[in-house]
Amino acid sequence: MNSSTPTATHPEPRTAAGLSLGFLTGAVIGASLTAFIGGCVVERTPLIVTGLALPTAYGLLFLLTTLPHRAREAAVVPRTALAAIESLEAFRGEASDVPVRFELSVVPDDTPAFRVEIRQDVNLVELPDYRRRGVVVVEYPPDRPWKTRIVKRPTPEWEDRAALAQIDSVPGPAMKDETPEGCLSGLLTLLGLLLGTAAVLLLFRADLFDSRAAEGGAPRPSTSSSSSSSSSSSSSTITVTSATGTVALGPGRSMLDKGELREAVESLTQGADRRRALTVVVQNRLLTVVFSPTGVRTAGFDPRSLPYDRAPELVEEAGTTLGVGSPRSWQLTADGVSGSLRLTIVVTGGGGTGTLQADGHGNVLRRSGS
């Protein structure tokens with residue numbers, strides 16, 4: 001089978017629209033990542049939402065705007081032809097399919113022949129079936145011959161033709177599915193990424209920088225991201241972040257001592273810091289308060305409303321009336337996520353575990369032991 005002079009169209013250079021799309025994609029990536037990471041660091045919900053919504057909206061817009069073009073490409077009926085393998089080179093891969101570079105001389109029945117270079121994954125088991133000067137069946141879109149693909153399972157008719165055909169090499173350079181503006185496209189994408197990042201830092205500079213700078217002159221543990229203060233006179237350590245607050249008592253002291261629990265809670269909610277709490281966990285020498293997120297409306301409760309005076313009695317009742325024996329550890333958990341404050345006291349001892357539940361006023365609701 002003799003080949004005709006190749007007259008196939010080469011890949012068109014990337015258009016201004018394609019370059020603009022690369023720039024816009026980089027801008028969206030930079031802006032969304034900066035907004036999401038910055039929002040998580042400073043705990044600002046609008047930034048986090050922006051970081052998640054921006055790529056979603058961009059992806060949806062991209063799908064809608066490119067739908068007509070993709071529909072036109074899908075409507076093109078591919079042509080089937082025979083091709084001779086001029087050269088092939090397999091690349092290392094860790095999967096069962098390895099990428100292979102093929103250079104083919106494609107000879108259609110009713111159009112000029114052409115030479116094309118493609119990359120296609122081939123299973124390791126089938127790789128020996130492809131050899132230089134071997135004849136294969138290919139398919140390609142008539143308007144984009146550089147999109148040629150080898151048909152791995154051709155019809156019996158084409159399989160018989162490939163077994164009997166002899167194809168001459170097509171002269172000339174091989175077409176490739178690439179554009180000469182690759183470097184320019186990458187540069188524009190990088191530029192868009194940097195500008196997207198800068199835009200977010202500029203638009204949300206108040207959330208990202210101003211609040212931190214304002215706190216620099218008078219730092220307060222209750223609003224710092226990771227600050228702590230300790231007092232040797234009280235022998236306790238207070239640590240407050242934007243999400244949690246903890247108070248650790250020194251040796252020889254207990255949260256069940258008179259006034260200790262109230263003082264510990266008030267040390268985390270002093271001054272203008274009146275945030276509501278989602279959960280309060282009290283152990284023998286440790287208090288942990290999980291605060292409601294800033295700017296988010298949640299049920300929660302005021303941690304200062306806990307029945308401090310009832311805590312020692314509830315822990316004692318959970319241990320003595322439930323057959324725990326000599327208590328080794330205890331934990332009181334106040335949960336207000338559901339809207340109404342509930343207290344759960346768990347006491348562990350040699351005789352097992354006792355659990356007691358009470359309402360926000362300290363009234364016992366139920367008891368259980370194991």
Side-chain angles (χ1 to χ4, degrees), residues 39-45 48 211-212 214-216 218-296 298-316 318-319 327-338 341-348 353 355-358 360 362:
C40 291
V41 172
V42 301
E43 296 185 348
R44 294 293 188 270
T45 303
I48 297 176
S211 60
R212 300 290 180 182
E215 294 166 1
R220 294 186 298 115
S222 60
T223 56
S224 62
S225 61
S226 180
S227 61
S228 63
S229 61
S230 61
S231 172
S232 58
S233 60
S234 61
S235 187
S236 63
T237 301
I238 302 173
T239 303
V240 184
T241 71
S242 55
T244 62
T246 60
V247 177
L249 299 179
R253 300 172 61 185
S254 172
M255 288 293 177
L256 296 182
D257 294 342
K258 185 176 181 180
E260 286 285 7
L261 180 56
R262 182 188 299 274
E263 181 180 350
V265 172
E266 290 180 351
S267 68
L268 301 178
T269 57
Q270 60 185 349
D273 198 346
R274 302 299 187 186
R275 287 178 294 174
R276 297 176 69 80
L278 296 176
T279 306
V280 174
V281 180
V282 186
Q283 295 173 322
N284 188 39
R285 291 165 48 194
L286 181 65
L287 166 70
T288 303
V289 179
V290 179
F291 294 112
S292 300
T294 303
V296 179
T298 56
F301 64 94
D302 186 349
R304 295 168 299 165
S305 65
L306 291 174
Y308 304 105
D309 298 335
R310 284 282 293 156
E313 299 176 12
L314 293 174
V315 172
E316 181 180 2
R328 291 197 300 264
S329 64
W330 62 271
Q331 176 175 297
L332 184 151
T333 303
D335 187 356
V337 177
S338 61
L341 182 59
R342 287 290 184 269
L343 308 179
T344 302
I345 299 92
V346 179
V347 178
T348 303
T353 300
T355 302
L356 182 147
Q357 292 186 344

Is any side-chain heavy atom of Pro312 less than 4.5 Å from a side-chain heavy atom of Lys258? no

With the side chain counted from C-beta on, respond yes when Leu356 and Leu314 share a heavy-atom pair under 4.5 Å apart, and no when they do not.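 Contact flag for Leu356/Leu314 side chains = yes.
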
Can you see which heavy atom on [X] is nearest to which on [Y], and at what distance?
X: Val315; Y: Val347; result: O-CG2, 3.7 Å
X: Val247; Y: Ser267; result: CG2-OG, 3.6 Å
X: Phe291; Y: Leu268; result: CZ-O, 4.0 Å
X: Pro307; Y: Gly362; result: CG-N, 3.9 Å
X: Thr348; Y: Thr353; result: OG1-OG1, 3.8 Å
X: Asp309; Y: Glu313; result: O-OE2, 4.2 Å

Can you measure from [atom1] ([X]) to [atom2] ([Y]) and round to the nearest 0.5 angstrom?
X: Leu256; Y: Asn284; atom1: CG; atom2: CG; answer: 6.5 Å
X: Arg304; Y: Arg276; atom1: CZ; atom2: CZ; answer: 10.0 Å
X: Thr355; Y: Ile345; atom1: OG1; atom2: CD1; answer: 9.5 Å

Side chain to side chain contact (heavy atoms under 4.5 Å, CB included) against Ala334, all qualifying residues, sequence neighbours excluded: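 Counting only residues at least two positions away or on another chain, Ala334 forms a side chain to side chain contact (heavy atoms under 4.5 Å, CB included) with Val280, Phe301, Leu306, Leu341, Leu343.
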
Residues which pass side chain to side chain contact (heavy atoms under 4.5 Å, CB included) with Glu260, listed by chain and number, not counting sequence neighbours: Leu249, Arg253, Asp257, Glu263

Determine whether Val265 and Leu287 satisfy the following criterion, side chain to side chain contact (heavy atoms under 4.5 Å, CB included), listing intermediate values before the conclusion. CA-CA 8 Å; Val265 172; Leu287 166 70; 3.8 Å; yes

Between Gln331 and Thr333, is any side-chain donor less than 3.5 angstrom from a side-chain acceptor?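 Gln331 vs Thr333: donor-acceptor pair found between side chains.
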
